[in-house]
Amino acid sequence: MTHGPGISGLIMEEPLLWEKGKQGRTAFSMPDQDVPEATVEIDKNLLGDGPDFPDLSEVDVVRHYTRLSGWNFGIDTGMYPLGSCTMKYNPKINEKMAATPGIATSHPLLADELSQGTLQIMFELQTFLASLTGMDAVSLQPAAGAQGEMAGMLMFAAWFRKKGEKRTKILIPDTAHGTNPASAALCGFKPVLLQSGSDGTLDAKSVAELMDEETVGIMLTNPNTLGLFEQSIREITAIVHERGGLVYGDGANMNAVMGIVDFKRCGIDIMHLNLHKTFSTPHGGGGPGAGPICVVDELADFLPIPRVIKSGDKYHLQYDCPDSIGRLHAFFGNYGVLVKAYSYILSMGAENLQKASQLAVLNANYIRESLRDVLHLAYDKPCMHECVFSDKKQQEYKITTLDMAKRLIDHGYHPPTIYFPLVVPGAIMIEPTETENKDDLDQFIDVFKDIIQEARENGELLRQAPTRTKLRRLDETQAARKPCLTG
Ligand SMILES: *Cc1c(COP(=O)(O)O)cnc(C)c1O
(Lines give C-alpha, C1' and ligand atoms only; values in the text may rest on other atoms or scores of the structure.)
Protein backbone atom coordinates (compact mmCIF):
# COMPACT_ATOMS: atom_id res chain seq x y z
CA MET A 1 0.00 0.00 0.00
CA THR A 2 1.43 3.36 -0.95
CA HIS A 3 -1.38 5.87 -0.66
CA GLY A 4 -2.76 7.58 2.44
CA PRO A 5 -1.10 10.43 4.26
CA GLY A 6 0.66 8.23 6.81
CA ILE A 7 3.59 6.06 5.76
CA SER A 8 5.99 6.01 8.64
CA GLY A 9 7.02 9.47 9.79
CA LEU A 10 9.84 10.60 12.03
CA ILE A 11 8.68 9.96 15.57
CA MET A 12 11.01 11.35 18.20
CA GLU A 13 11.43 9.74 21.59
CA GLU A 14 10.97 12.09 24.51
CA PRO A 15 11.32 11.51 28.25
CA LEU A 16 9.41 13.33 30.99
CA LEU A 17 10.74 16.80 31.82
CA TRP A 18 11.70 15.50 35.27
CA GLU A 19 13.90 12.84 33.68
CA LYS A 20 15.36 15.35 31.25
CA GLY A 21 16.27 18.12 33.72
CA LYS A 22 19.82 18.58 35.09
CA GLN A 23 20.41 20.65 38.18
CA GLY A 24 21.75 24.10 37.34
CA ARG A 25 20.38 24.32 33.79
CA THR A 26 18.45 27.47 33.11
CA ALA A 27 16.60 29.19 30.29
CA PHE A 28 17.84 32.69 31.08
CA SER A 29 20.86 34.50 32.53
CA MET A 30 20.40 37.19 35.16
CA PRO A 31 22.85 40.12 35.23
CA ASP A 32 25.11 40.33 38.29
CA GLN A 33 23.41 41.69 41.36
CA ASP A 34 24.08 45.44 41.80
CA VAL A 35 22.01 46.13 44.93
CA PRO A 36 22.57 44.98 48.51
CA GLU A 37 21.23 41.54 49.35
CA ALA A 38 18.02 41.52 51.42
CA THR A 39 16.74 38.67 53.51
CA VAL A 40 13.08 37.85 53.71
CA GLU A 41 11.59 35.70 56.45
CA ILE A 42 9.50 32.95 54.89
CA ASP A 43 7.36 30.63 56.95
CA LYS A 44 8.65 27.17 55.95
CA ASN A 45 5.35 25.60 57.00
CA LEU A 46 3.56 27.56 54.34
CA LEU A 47 5.94 26.61 51.56
CA GLY A 48 6.64 22.99 52.42
CA ASP A 49 9.64 21.78 50.43
CA GLY A 50 8.71 24.01 47.48
CA PRO A 51 7.63 22.84 44.03
CA ASP A 52 9.81 20.21 42.42
CA PHE A 53 10.41 21.88 39.05
CA PRO A 54 13.10 20.40 36.83
CA ASP A 55 15.97 22.67 35.71
CA LEU A 56 15.90 23.01 31.93
CA SER A 57 17.39 25.15 29.18
CA GLU A 58 15.23 26.95 26.63
CA VAL A 59 16.07 24.49 23.86
CA ASP A 60 15.21 21.57 26.18
CA VAL A 61 11.75 23.02 26.69
CA VAL A 62 11.12 23.96 23.05
CA ARG A 63 12.15 20.51 21.78
CA HIS A 64 10.17 18.77 24.48
CA TYR A 65 6.86 20.36 23.55
CA THR A 66 7.51 20.35 19.81
CA ARG A 67 8.22 16.60 19.93
CA LEU A 68 5.13 15.93 22.02
CA SER A 69 3.04 17.92 19.52
CA GLY A 70 4.21 15.52 16.80
CA TRP A 71 2.65 12.60 18.66
CA ASN A 72 -0.69 14.29 18.53
CA PHE A 73 -3.25 14.10 15.76
CA GLY A 74 -5.52 16.98 14.85
CA ILE A 75 -7.58 18.25 11.99
CA ASP A 76 -4.52 20.28 10.89
CA THR A 77 -2.68 16.95 10.48
CA GLY A 78 -5.22 15.01 8.49
CA MET A 79 -8.76 13.73 8.01
CA TYR A 80 -10.58 13.07 11.27
CA PRO A 81 -13.80 11.22 10.35
CA LEU A 82 -15.03 10.79 13.93
CA GLY A 83 -18.81 10.39 13.62
CA SER A 84 -21.11 12.55 15.77
CA CYS A 85 -18.21 14.90 16.54
CA THR A 86 -18.05 17.07 13.39
CA MET A 87 -14.25 17.31 13.26
CA LYS A 88 -14.21 19.78 10.41
CA TYR A 89 -11.48 22.24 9.54
CA ASN A 90 -11.93 25.51 11.41
CA PRO A 91 -10.61 28.54 9.48
CA LYS A 92 -7.75 30.31 11.28
CA ILE A 93 -9.31 33.74 10.70
CA ASN A 94 -11.86 32.90 13.40
CA GLU A 95 -9.06 32.24 15.92
CA LYS A 96 -7.56 35.57 14.93
CA MET A 97 -10.83 37.37 15.53
CA ALA A 98 -11.20 35.79 18.99
CA ALA A 99 -7.68 37.01 19.82
CA THR A 100 -8.38 40.63 18.80
CA PRO A 101 -6.90 42.59 21.74
CA GLY A 102 -10.03 44.67 22.51
CA ILE A 103 -12.06 41.47 22.69
CA ALA A 104 -9.59 39.10 24.32
CA THR A 105 -8.65 41.55 27.10
CA SER A 106 -12.06 42.99 27.90
CA HIS A 107 -12.85 42.28 31.56
CA PRO A 108 -16.10 40.53 32.49
CA LEU A 109 -16.57 42.85 35.49
CA LEU A 110 -16.62 46.00 33.34
CA ALA A 111 -19.89 47.93 33.49
CA ASP A 112 -22.36 47.40 30.64
CA GLU A 113 -21.74 50.87 29.18
CA LEU A 114 -18.03 50.02 28.86
CA SER A 115 -18.75 46.60 27.27
CA GLN A 116 -21.06 47.60 24.45
CA GLY A 117 -18.96 45.88 21.76
CA THR A 118 -18.65 42.55 23.57
CA LEU A 119 -22.36 42.62 24.47
CA GLN A 120 -23.28 43.44 20.88
CA ILE A 121 -21.36 40.36 19.67
CA MET A 122 -23.32 38.20 22.14
CA PHE A 123 -26.64 39.77 21.24
CA GLU A 124 -26.10 39.41 17.49
CA LEU A 125 -24.84 35.84 17.86
CA GLN A 126 -28.07 35.02 19.74
CA THR A 127 -30.05 36.51 16.84
CA PHE A 128 -28.07 34.51 14.25
CA LEU A 129 -28.54 31.23 16.14
CA ALA A 130 -32.27 31.91 16.51
CA SER A 131 -32.61 32.48 12.80
CA LEU A 132 -30.48 29.43 11.87
CA THR A 133 -32.68 27.14 13.98
CA GLY A 134 -36.06 28.88 13.61
CA MET A 135 -36.31 29.27 17.41
CA ASP A 136 -37.33 32.47 19.29
CA ALA A 137 -34.87 33.16 22.13
CA VAL A 138 -31.29 32.09 22.89
CA SER A 139 -28.97 31.89 25.89
CA LEU A 140 -25.24 31.59 25.24
CA GLN A 141 -24.50 30.56 28.84
CA PRO A 142 -23.99 26.77 28.67
CA ALA A 143 -20.33 25.85 28.24
CA ALA A 144 -20.92 22.52 26.46
CA GLY A 145 -23.63 20.46 24.80
CA ALA A 146 -24.10 18.45 27.97
CA GLN A 147 -24.49 21.63 30.03
CA GLY A 148 -27.06 22.87 27.49
CA GLU A 149 -28.96 19.62 28.01
CA MET A 150 -28.82 20.10 31.75
CA ALA A 151 -30.05 23.70 31.42
CA GLY A 152 -32.90 22.40 29.24
CA MET A 153 -33.84 19.75 31.80
CA LEU A 154 -33.79 22.35 34.61
CA MET A 155 -36.11 24.47 32.47
CA PHE A 156 -38.44 21.49 31.95
CA ALA A 157 -38.52 21.04 35.75
CA ALA A 158 -39.15 24.77 36.34
CA TRP A 159 -41.97 24.81 33.76
CA PHE A 160 -43.85 21.92 35.37
CA ARG A 161 -43.20 23.26 38.87
CA LYS A 162 -44.79 26.55 37.84
CA LYS A 163 -47.79 24.72 36.41
CA GLY A 164 -48.07 22.72 39.63
CA GLU A 165 -47.64 19.39 37.84
CA LYS A 166 -45.49 16.57 39.12
CA ARG A 167 -43.99 14.54 36.32
CA THR A 168 -41.01 12.26 36.85
CA LYS A 169 -40.18 10.39 33.63
CA ILE A 170 -38.69 11.31 30.26
CA LEU A 171 -38.54 9.38 26.97
CA ILE A 172 -35.05 8.89 25.54
CA PRO A 173 -34.42 6.95 22.30
CA ASP A 174 -31.98 4.01 22.28
CA THR A 175 -29.82 5.91 19.75
CA ALA A 176 -29.31 8.90 22.09
CA HIS A 177 -25.89 10.16 23.09
CA GLY A 178 -25.03 9.07 26.64
CA THR A 179 -25.17 12.63 27.92
CA ASN A 180 -28.97 12.73 27.28
CA PRO A 181 -30.07 10.23 29.95
CA ALA A 182 -27.31 11.52 32.25
CA SER A 183 -28.53 15.14 32.05
CA ALA A 184 -32.15 14.07 32.57
CA ALA A 185 -31.24 11.89 35.56
CA LEU A 186 -29.17 14.71 37.10
CA CYS A 187 -32.32 16.84 37.12
CA GLY A 188 -34.41 14.11 38.77
CA PHE A 189 -36.12 12.58 35.71
CA LYS A 190 -36.17 8.84 35.19
CA PRO A 191 -35.13 8.00 31.60
CA VAL A 192 -37.54 5.64 29.82
CA LEU A 193 -35.98 3.79 26.89
CA LEU A 194 -37.66 4.45 23.57
CA GLN A 195 -36.76 1.84 20.98
CA SER A 196 -36.13 3.03 17.44
CA GLY A 197 -37.77 1.16 14.57
CA SER A 198 -36.09 -1.33 12.23
CA ASP A 199 -35.25 1.52 9.84
CA GLY A 200 -33.20 3.31 12.52
CA THR A 201 -35.71 6.11 13.16
CA LEU A 202 -38.42 6.74 15.74
CA ASP A 203 -41.90 5.53 15.23
CA ALA A 204 -44.78 7.81 16.37
CA LYS A 205 -46.73 4.77 17.57
CA SER A 206 -44.14 3.78 20.17
CA VAL A 207 -44.04 7.38 21.43
CA ALA A 208 -47.84 7.33 21.75
CA GLU A 209 -47.64 4.11 23.80
CA LEU A 210 -45.17 5.53 26.34
CA MET A 211 -46.09 9.22 26.61
CA ASP A 212 -48.28 9.56 29.69
CA GLU A 213 -49.20 12.14 32.34
CA GLU A 214 -46.17 11.24 34.46
CA THR A 215 -43.77 11.96 31.63
CA VAL A 216 -42.26 15.44 31.10
CA GLY A 217 -41.73 14.74 27.42
CA ILE A 218 -38.96 13.54 25.14
CA MET A 219 -35.31 14.24 24.31
CA LEU A 220 -34.57 13.54 20.68
CA THR A 221 -31.70 14.13 18.28
CA ASN A 222 -32.31 15.16 14.69
CA PRO A 223 -30.63 14.08 12.51
CA ASN A 224 -30.18 11.19 14.92
CA THR A 225 -26.89 9.54 15.87
CA LEU A 226 -27.28 7.02 13.04
CA GLY A 227 -27.05 9.98 10.67
CA LEU A 228 -30.73 9.55 9.73
CA PHE A 229 -33.38 12.25 9.63
CA GLU A 230 -36.30 11.61 11.99
CA GLN A 231 -39.08 11.78 9.39
CA SER A 232 -41.94 11.47 11.90
CA ILE A 233 -40.71 14.35 14.02
CA ARG A 234 -43.81 16.51 13.62
CA GLU A 235 -46.13 13.63 14.44
CA ILE A 236 -44.04 12.73 17.50
CA THR A 237 -43.84 16.26 18.87
CA ALA A 238 -47.61 16.71 18.34
CA ILE A 239 -48.31 13.61 20.47
CA VAL A 240 -46.01 14.85 23.25
CA HIS A 241 -47.59 18.34 23.22
CA GLU A 242 -51.15 16.98 23.18
CA ARG A 243 -50.38 15.14 26.40
CA GLY A 244 -48.96 18.24 28.07
CA GLY A 245 -45.27 17.36 27.53
CA LEU A 246 -42.29 19.28 26.19
CA VAL A 247 -39.74 18.37 23.52
CA TYR A 248 -35.97 18.74 23.93
CA GLY A 249 -33.91 18.66 20.73
CA ASP A 250 -30.24 17.63 20.88
CA GLY A 251 -28.73 19.80 18.14
CA ALA A 252 -25.24 18.30 18.16
CA ASN A 253 -25.80 17.18 14.56
CA MET A 254 -26.64 20.70 13.34
CA ASN A 255 -23.85 20.51 10.77
CA ALA A 256 -26.23 18.56 8.54
CA VAL A 257 -29.03 21.14 8.60
CA MET A 258 -27.71 24.68 9.22
CA GLY A 259 -30.45 27.11 8.17
CA ILE A 260 -32.32 24.26 6.45
CA VAL A 261 -34.57 22.80 9.15
CA ASP A 262 -36.95 25.05 11.13
CA PHE A 263 -36.87 23.33 14.51
CA LYS A 264 -39.72 25.38 15.94
CA ARG A 265 -42.00 24.19 13.15
CA CYS A 266 -40.85 20.64 13.88
CA GLY A 267 -42.26 21.10 17.40
CA ILE A 268 -38.99 21.47 19.34
CA ASP A 269 -39.31 23.57 22.54
CA ILE A 270 -35.66 23.73 23.65
CA MET A 271 -32.53 22.69 21.79
CA HIS A 272 -28.80 23.09 22.25
CA LEU A 273 -26.15 23.69 19.63
CA ASN A 274 -22.51 22.69 20.00
CA LEU A 275 -20.57 25.73 18.79
CA HIS A 276 -17.37 23.65 19.10
CA LYS A 277 -18.75 21.10 16.63
CA THR A 278 -20.67 23.13 14.08
CA PHE A 279 -19.41 26.71 14.42
CA SER A 280 -15.64 26.74 14.20
CA THR A 281 -13.99 25.87 17.50
CA PRO A 282 -11.45 23.03 17.34
CA HIS A 283 -12.30 20.47 20.02
CA GLY A 284 -10.13 17.39 19.53
CA GLY A 285 -8.17 18.03 22.70
CA GLY A 286 -11.21 18.67 24.86
CA GLY A 287 -10.69 22.44 25.04
CA PRO A 288 -13.31 25.04 25.85
CA GLY A 289 -16.67 24.81 24.12
CA ALA A 290 -20.10 26.38 24.14
CA GLY A 291 -23.56 24.82 24.07
CA PRO A 292 -26.09 27.67 23.64
CA ILE A 293 -29.74 26.80 24.09
CA CYS A 294 -32.45 28.04 21.74
CA VAL A 295 -36.06 28.05 22.99
CA VAL A 296 -39.60 28.98 21.95
CA ASP A 297 -41.15 32.17 23.40
CA GLU A 298 -43.22 30.28 25.99
CA LEU A 299 -40.03 29.08 27.69
CA ALA A 300 -37.90 32.22 27.36
CA ASP A 301 -38.60 33.40 30.94
CA PHE A 302 -36.90 30.26 32.28
CA LEU A 303 -33.59 30.85 30.45
CA PRO A 304 -30.44 31.15 32.58
CA ILE A 305 -29.27 34.60 33.70
CA PRO A 306 -27.80 36.97 32.83
CA ARG A 307 -29.58 37.50 29.52
CA VAL A 308 -28.19 39.91 26.93
CA ILE A 309 -30.90 42.35 25.85
CA LYS A 310 -31.05 45.43 23.65
CA SER A 311 -33.03 48.52 24.57
CA GLY A 312 -32.88 51.41 22.13
CA ASP A 313 -29.38 51.16 20.73
CA LYS A 314 -27.80 50.00 24.00
CA TYR A 315 -26.98 46.48 25.15
CA HIS A 316 -27.50 45.31 28.73
CA LEU A 317 -27.14 42.26 30.91
CA GLN A 318 -30.47 41.42 32.50
CA TYR A 319 -30.48 39.69 35.89
CA ASP A 320 -34.02 40.38 37.02
CA CYS A 321 -35.82 37.30 35.66
CA PRO A 322 -37.87 35.71 38.46
CA ASP A 323 -38.62 32.46 36.57
CA SER A 324 -35.00 31.92 35.45
CA ILE A 325 -33.24 28.70 36.40
CA GLY A 326 -30.38 30.98 37.56
CA ARG A 327 -26.72 31.09 36.73
CA LEU A 328 -24.89 28.16 35.19
CA HIS A 329 -21.37 29.37 36.00
CA ALA A 330 -19.28 32.48 36.54
CA PHE A 331 -19.50 35.28 33.99
CA PHE A 332 -20.63 34.53 30.41
CA GLY A 333 -19.29 31.15 29.41
CA ASN A 334 -16.32 30.61 27.11
CA TYR A 335 -16.40 33.96 25.41
CA GLY A 336 -13.68 33.23 22.83
CA VAL A 337 -15.76 30.35 21.48
CA LEU A 338 -18.69 32.72 21.01
CA VAL A 339 -16.51 35.13 19.04
CA LYS A 340 -15.30 32.32 16.76
CA ALA A 341 -18.89 31.30 16.03
CA TYR A 342 -19.86 34.92 15.36
CA SER A 343 -16.92 35.41 13.03
CA TYR A 344 -17.60 32.09 11.26
CA ILE A 345 -21.27 32.90 10.69
CA LEU A 346 -20.46 36.39 9.38
CA SER A 347 -17.70 35.16 7.08
CA MET A 348 -19.88 32.37 5.66
CA GLY A 349 -23.21 34.17 5.32
CA ALA A 350 -26.59 32.43 5.40
CA GLU A 351 -26.33 30.98 1.92
CA ASN A 352 -22.90 29.41 2.42
CA LEU A 353 -23.85 27.92 5.78
CA GLN A 354 -26.66 26.08 4.02
CA LYS A 355 -24.24 25.03 1.31
CA ALA A 356 -21.75 23.75 3.90
CA SER A 357 -24.48 21.52 5.34
CA GLN A 358 -25.43 20.28 1.87
CA LEU A 359 -21.78 19.42 1.13
CA ALA A 360 -21.41 17.65 4.48
CA VAL A 361 -24.41 15.49 3.54
CA LEU A 362 -23.11 14.93 0.01
CA ASN A 363 -19.68 13.84 1.29
CA ALA A 364 -21.19 11.35 3.75
CA ASN A 365 -23.36 9.85 1.03
CA TYR A 366 -20.35 9.63 -1.31
CA ILE A 367 -18.52 7.55 1.30
CA ARG A 368 -21.64 5.45 1.95
CA GLU A 369 -22.01 4.63 -1.74
CA SER A 370 -18.28 4.05 -2.29
CA LEU A 371 -17.83 1.57 0.57
CA ARG A 372 -21.20 -0.18 0.48
CA ASP A 373 -19.90 -3.13 -1.57
CA VAL A 374 -17.16 -3.94 0.91
CA LEU A 375 -18.67 -2.94 4.26
CA HIS A 376 -22.09 -3.89 5.61
CA LEU A 377 -24.41 -0.86 5.67
CA ALA A 378 -26.42 -0.75 8.87
CA TYR A 379 -29.38 1.05 7.25
CA ASP A 380 -29.62 1.04 3.50
CA LYS A 381 -31.00 4.47 2.74
CA PRO A 382 -29.55 7.93 2.09
CA CYS A 383 -27.92 9.43 5.17
CA MET A 384 -27.39 12.94 6.44
CA HIS A 385 -23.90 14.07 7.58
CA GLU A 386 -22.60 10.65 8.66
CA CYS A 387 -22.98 7.03 7.61
CA VAL A 388 -22.92 3.91 9.74
CA PHE A 389 -21.37 0.61 8.64
CA SER A 390 -20.59 -2.51 10.64
CA ASP A 391 -18.02 -5.33 10.57
CA LYS A 392 -20.60 -7.98 9.61
CA LYS A 393 -18.93 -8.79 6.27
CA GLN A 394 -15.50 -9.16 7.89
CA GLN A 395 -16.65 -11.58 10.59
CA GLU A 396 -15.86 -14.62 8.43
CA TYR A 397 -12.20 -13.51 8.46
CA LYS A 398 -12.37 -12.87 12.23
CA ILE A 399 -11.62 -9.20 11.67
CA THR A 400 -13.42 -6.70 13.87
CA THR A 401 -14.28 -3.03 13.68
CA LEU A 402 -11.50 -2.36 16.19
CA ASP A 403 -8.90 -4.05 13.92
CA MET A 404 -9.90 -1.92 10.93
CA ALA A 405 -10.00 1.27 13.00
CA LYS A 406 -6.51 0.60 14.35
CA ARG A 407 -5.15 -0.14 10.87
CA LEU A 408 -6.41 3.24 9.64
CA ILE A 409 -3.99 4.86 12.10
CA ASP A 410 -1.10 3.21 10.20
CA HIS A 411 -2.27 5.12 7.14
CA GLY A 412 -2.48 8.52 8.82
CA TYR A 413 -6.20 8.65 9.55
CA HIS A 414 -7.86 9.21 12.86
CA PRO A 415 -10.27 6.27 13.26
CA PRO A 416 -13.99 6.88 12.84
CA THR A 417 -16.33 6.53 15.83
CA ILE A 418 -16.64 2.82 16.61
CA TYR A 419 -19.13 0.69 18.55
CA PHE A 420 -21.53 3.67 18.77
CA PRO A 421 -24.48 3.98 18.49
CA LEU A 422 -25.07 0.85 20.53
CA VAL A 423 -28.02 -0.28 18.41
CA VAL A 424 -25.60 -1.31 15.63
CA PRO A 425 -23.27 -4.14 16.73
CA GLY A 426 -19.70 -3.41 15.58
CA ALA A 427 -20.68 0.08 14.34
CA ILE A 428 -18.27 2.15 12.24
CA MET A 429 -19.62 5.67 12.05
CA ILE A 430 -17.95 7.94 9.49
CA GLU A 431 -18.52 11.71 9.37
CA PRO A 432 -16.28 13.24 6.69
CA THR A 433 -17.67 16.83 7.03
CA GLU A 434 -17.80 19.41 4.24
CA THR A 435 -14.16 20.43 4.56
CA GLU A 436 -12.66 17.31 2.91
CA ASN A 437 -12.30 17.64 -0.86
CA LYS A 438 -13.03 14.83 -3.31
CA ASP A 439 -9.36 13.83 -3.66
CA ASP A 440 -9.07 13.41 0.10
CA LEU A 441 -12.30 11.42 0.26
CA ASP A 442 -11.11 9.16 -2.59
CA GLN A 443 -7.80 8.58 -0.84
CA PHE A 444 -9.61 7.62 2.38
CA ILE A 445 -11.95 5.29 0.47
CA ASP A 446 -8.98 3.60 -1.31
CA VAL A 447 -7.17 3.08 1.98
CA PHE A 448 -10.29 1.62 3.58
CA LYS A 449 -10.75 -0.75 0.61
CA ASP A 450 -7.12 -1.88 0.89
CA ILE A 451 -7.61 -2.58 4.58
CA ILE A 452 -10.65 -4.70 3.79
CA GLN A 453 -8.59 -6.58 1.18
CA GLU A 454 -5.97 -7.09 3.86
CA ALA A 455 -8.66 -8.52 6.16
CA ARG A 456 -9.08 -11.33 3.64
CA GLU A 457 -5.41 -11.91 2.88
CA ASN A 458 -3.38 -10.93 5.90
CA GLY A 459 -5.66 -10.89 8.92
CA GLU A 460 -2.80 -11.34 11.42
CA LEU A 461 -1.28 -8.00 10.43
CA LEU A 462 -4.64 -6.29 10.94
CA ARG A 463 -5.07 -7.83 14.36
CA GLN A 464 -1.70 -6.35 15.38
CA ALA A 465 -2.36 -2.87 14.01
CA PRO A 466 -1.29 -0.17 14.49
CA THR A 467 2.23 -1.25 13.54
CA ARG A 468 3.81 2.03 12.47
CA THR A 469 3.05 4.13 15.52
CA LYS A 470 5.12 4.96 18.56
CA LEU A 471 2.81 2.88 20.71
CA ARG A 472 1.28 -0.38 19.51
CA ARG A 473 -2.16 -1.68 20.36
CA LEU A 474 -2.90 -0.97 23.97
CA ASP A 475 -4.45 -3.38 26.41
CA GLU A 476 -7.57 -1.31 26.85
CA THR A 477 -9.03 -3.38 29.67
CA GLN A 478 -5.82 -3.05 31.66
CA ALA A 479 -5.66 0.68 30.86
CA ALA A 480 -9.21 1.19 32.16
CA ARG A 481 -8.78 -0.95 35.26
CA LYS A 482 -5.28 0.13 36.23
CA PRO A 483 -4.70 3.56 34.71
CA CYS A 484 -1.11 4.79 34.88
CA LEU A 485 -1.46 8.52 35.40
CA THR A 486 2.18 9.50 35.75
CA GLY A 487 3.20 9.26 32.06
C1 LIG B 1 -21.23 15.70 21.33
C2 LIG B 1 -22.62 15.34 21.59
C3 LIG B 1 -23.24 15.73 22.81
C4 LIG B 1 -22.51 16.35 23.97
O5 LIG B 1 -21.91 17.56 23.70
P6 LIG B 1 -20.64 18.06 24.53
O7 LIG B 1 -20.39 19.43 24.00
O8 LIG B 1 -19.54 17.09 24.26
O9 LIG B 1 -21.04 18.08 25.98
C10 LIG B 1 -24.58 15.44 22.95
N11 LIG B 1 -25.27 14.79 21.98
C12 LIG B 1 -24.70 14.40 20.82
C13 LIG B 1 -25.53 13.69 19.78
C14 LIG B 1 -23.35 14.65 20.59
O15 LIG B 1 -22.78 14.23 19.44
Side-chain angles (χ1 to χ4, degrees), residues 75 80-88 90 129 133 139-154 170 172-187 191 194 196 200-202 218-230 233 247-258 261 263 268 270-294 328-329 333-334 336-338 340-341 357 360 364 383-388 414 416-424 427 429-433:
I75 197 65
Y80 207 137
L82 196 63
S84 206
C85 292
T86 311
M87 307 302 286
K88 61 188 191 180
N90 305 123
L129 298 180
T133 52
S139 167
L140 304 172
Q141 283 278 325
Q147 203 184 21
E149 293 167 22
M150 195 183 78
M153 290 301 101
L154 289 172
I170 186 157
I172 300 191
D174 52 7
T175 48
H177 194 264
T179 49
N180 289 190
S183 304
L186 264 181
C187 299
L194 181 62
S196 32
T201 63
L202 293 174
I218 188 171
M219 276 183 113
L220 50 78
T221 309
N222 204 13
N224 70 19
T225 61
L226 292 166
L228 302 174
F229 194 81
E230 294 289 359
I233 181 143
V247 179
Y248 186 90
D250 178 332
N253 293 337
M254 185 70 180
N255 208 48
V257 291
M258 285 187 285
V261 171
F263 284 91
I268 303 292
I270 306 181
M271 70 183 291
H272 78 257
L273 299 172
N274 303 58
L275 298 190
H276 44 290
K277 288 179 181 169
T278 317
F279 297 98
S280 199
T281 282
H283 59 287
I293 42 175
C294 312
L328 290 175
H329 48 63
N334 293 317
V337 177
L338 307 181
K340 287 181 228 181
S357 283
C383 61
M384 298 294 288
H385 60 304
E386 60 198 6
C387 55
V388 182
H414 192 286
T417 293
I418 55 174
Y419 301 104
F420 177 84
L422 305 177
V423 293
V424 176
M429 178 158 68
I430 300 174
E431 180 181 4
T433 84

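Note: hydrogens, waters and symmetry copies are ignored here, and every other heavy atom, side chains too, is used. Just so you know, these numbers come straight off a predicted model, no measurement behind them. First listed ligand is number 1; within each ligand, the first listed atom is number 1.
Taking any N or O of Asp250, backbone or side chain, at least one lies under 3.5 Å from an N or O belonging to ligand 1. Taking any N or O of Asn253, backbone or side chain, none lies under 3.5 Å from an N or O belonging to ligand 1. Between Asn274 and ligand 1, a contact under 3.5 Å exists for at least one N or O pair.
Under a 3.5 Å cut-off, the side chain of Asp174 and the backbone N or O of Ser196 do form a donor-acceptor pair. Using modelled atom types, one side-chain atom of Glu386 and one backbone atom of Ser84 make a donor-acceptor pair closer than 3.5 Å.
Side-chain contact between Thr133 and Met271 is present, with heavy atoms from C-beta onward closer than 4.5 Å. Counting heavy atoms from C-beta on, the side chains of Asn90 and Thr281 never come closer than 4.5 Å. Taking 4.5 Å as the limit, some side-chain heavy atom of His272 sits within range of a side-chain heavy atom of Asp250.
When every heavy atom of Thr225 is checked against every heavy atom of Pro421, the shortest pair comes out as O-CG, 3.4 Å.
Remark: ligand 1 atoms within the under-4.0 Å shell around heavy atoms of Ala146 are 5 (O), 6 (P), 9 (O).
Residue contacts with ligand 1 for Ala252 involve side-chain atoms from C-beta outward but no N, CA, C or O (heavy atoms, distance under 4.0 Å). In Glu149, the part holding a heavy atom less than 4.0 Å from any atom of ligand 1 is the side chain.
Scanning all protein heavy atoms for the shortest distance to atom 8 (O) of ligand 1 gives His276 NE2, 4.3 Å. Of the protein's heavy atoms, Gly145 N, 3.5 Å lies nearest to atom 6 (P) of ligand 1.
For the residues Gln147, Lys277, Glu386, the heavy atom positioned nearest atom 1 (C) of ligand 1 is part of Lys277.
Tested against Met87 for a side-chain contact (heavy atoms from CB on, under 4.5 Å), the candidates Glu431, His283, Lys277 yield a single pass: His283.
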